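Report on one structure; see the data block that follows.
Source: prediction; values computed, not measured.
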Amino acid sequence: MGGTFDPIHHGHLVAAEEARWQFDLEKVLFLPTGQPWQKPVGVSPAEDRYQMTVIATASNPAFAVSRVEIEHPGPTYTVDTLRRLRAELGESTRLYFITGADAVLHILTWKDRDEVLGLAEFIAATRPGYALARLSDLMPGLSERLHPMEIPMLAISSTEIRARVARGAPIQYLVPDGVVRYVAERGLYRSDTVEAGDRSLTQYGGA
């Protein structure tokens with residue numbers, strides 16, 4: 001499950017657990033991005049995002065967090081990450097990439113998109129207003145590699161959480177308690193401005 005996780009919130013966790021249950025996954029591996037090529041401006045330090053993800057997932061034995069992207073120098077691309085995971089896990093492992101439906105709709109802009117689809121199947125957490133069928137029209141055969149997944153509606157976004165911290169509003173119950181404490185202790189997101197339009201790739205149930 002890839003994303004900036006800036007910060008990780010309950011919407012991410014619900015989507016991950018729903019994917020684990022619906023697709024009978026052995027493990028869900030969270031992949032905080034290092035320097036994401038599509039969101040290079042205004043992203044918090046990778047180590048902070050990694051630590052928040054570790055804190056948020058610690059209570060679920062089926063969840064794990066990888067440093068594979070944050071330790072990669074330069075911009076990170078999904079295809080490079082999947083190549084490394086495939087080499088590590090072997091050809092017999094069935095890989096799924098869990099993300100939001102809004103991110104999947106941008107797959108045509110991804111680096112080496114055909115190889116990406118060959119390396120992993122995609123689980124797309126659906127939100128109202130996103131027509132995944134149009135991707136199948138543009139890329140025949142995609143339907144076999146793309147699995148829509150309905151999840152409980154949670155109107156939470158990382159953008160709104162950052163904005164709430166910046167104006168001094170509480171974020172308790174939007175993120176795990178440990179993440180609330182980490183954000184406070186590290187002084188994250190405390191500014192007068194929040195990057196316009198900088199929305200989490202994996203925000204579910206609305207912005």
Side-chain angles (χ1 to χ4, degrees), residues 1-20 25-89 95-100 103 110-111 116 119-120 123 125 154 156-166 171-172 174-191 194-195 198-204:
M1 184 172 185
T4 48
F5 303 129
D6 195 18
I8 190 168
H9 54 67
H10 287 306
H12 298 124
L13 300 174
V14 167
E17 178 62 12
E18 191 69 13
R20 186 201 64 77
L25 306 181
E26 179 181 349
K27 186 175 290 293
V28 176
L29 186 64
F30 288 74
L31 298 164
T33 55
Q35 182 184 334
W37 73 277
Q38 286 188 323
K39 294 180 63 176
V41 179
V43 178
S44 298
E47 190 62 33
D48 283 326
R49 294 183 287 106
Y50 171 80
Q51 292 297 338
M52 286 189 287
T53 306
V54 169
I55 291 168
T57 59
S59 64
N60 191 326
F63 289 173
V65 187
S66 172
R67 299 181 64 90
V68 66
E69 287 209 355
I70 69 171
E71 292 182 347
H72 179 72
T76 56
Y77 296 91
T78 299
V79 65
D80 296 327
T81 298
L82 291 176
R83 286 169 183 160
R84 289 192 289 272
L85 289 175
R86 174 59 68 197
E88 177 183 336
L89 298 173
L95 287 177
Y96 292 87
F97 192 89
I98 308 166
T99 189
W110 290 11
K111 177 185 176 184
V116 167
L119 288 166
I123 297 174
L154 290 178
I156 305 174
S157 77
S158 296
T159 301
E160 175 60 22
I161 291 168
R162 294 195 301 271
R164 289 181 66 85
V165 174
I171 60 172
Q172 193 171 11
L174 298 176
V175 301
D177 290 344
V179 174
V180 175
R181 291 191 293 270
Y182 188 93
V183 169
E185 291 168 1
R186 294 284 294 168
L188 299 177
Y189 316 129
R190 293 179 182 174
S191 67
V194 175
E195 293 77 22
D198 180 19
R199 296 190 178 274
S200 169
L201 289 179
T202 44
Q203 56 174 285
Y204 307 104

Atom [atom1] in [X], atom [atom2] in [Y]: separation rounded to 0.5 Å?
X	Y	atom1	atom2	answer
His12	Thr4	NE2	OG1	6.5 Å
Phe97	Leu82	CZ	CG	6.5 Å
Arg162	Glu160	CZ	CD	10.5 Å
Thr76	Glu69	OG1	CD	4.5 Å
Asp6	Leu188	CG	CG	8.0 Å
Gln51	Ile70	CD	CD1	8.0 Å

Do the non-hydrogen side-chain atoms of [X] and [Y] ever get within less than 4.5 Å of each other?
X	Y	result
Pro7	Tyr182	no
Val183	Val175	no
Leu174	Arg164	yes

Which pair of heavy atoms, one from [X] and one from [Y], lies closest together, and at what distance?
X	Y	value
Lys27	Pro61	NZ-O, 3.7 Å
Val79	Leu119	O-CD1, 4.0 Å
Pro176	Leu13	CG-CD1, 3.6 Å
Ala19	Ile123	CB-CD1, 4.3 Å
Arg49	Ser44	NE-O, 2.9 Å
Ala16	Met1	CB-SD, 3.6 Å

Partners passing side chain to side chain donor-acceptor pair (under 3.5 Å) against [X] (at least two apart in sequence or in another chain):
X	value
Asp80	Arg83
Asp177	none
Arg86	none

Just one of Leu31, Thr99, Val116 clears the side-chain contact (heavy atoms from CB on, under 4.5 Å) bar with Thr78, so which one?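 So the option named by the test is Val116.
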Counting distance only, does the side-chain N/O of Arg67 pair as donor-acceptor with the main-chain N or O of Pro32 below 3.5 Å?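 No; zero donor-acceptor contacts below 3.5 Å.
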Examine distances only and state if a side-chain atom of Arg20 and a backbone atom of Val28 form a donor-acceptor pair shorter than 3.5 Å.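 Absent.
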Are there more than 12 heavy atoms of other residues, nucleotides or ligands under 6.0 Å from atom CD of Glu26?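 No.
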Can you tell me how the ring of Phe30 sits relative to the ring of Phe5, calling it parallel under 30°, perpendicular over 60° and tilted otherwise?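 If you compare the ring of Phe30 with that of Phe5, the planes turn out tilted.
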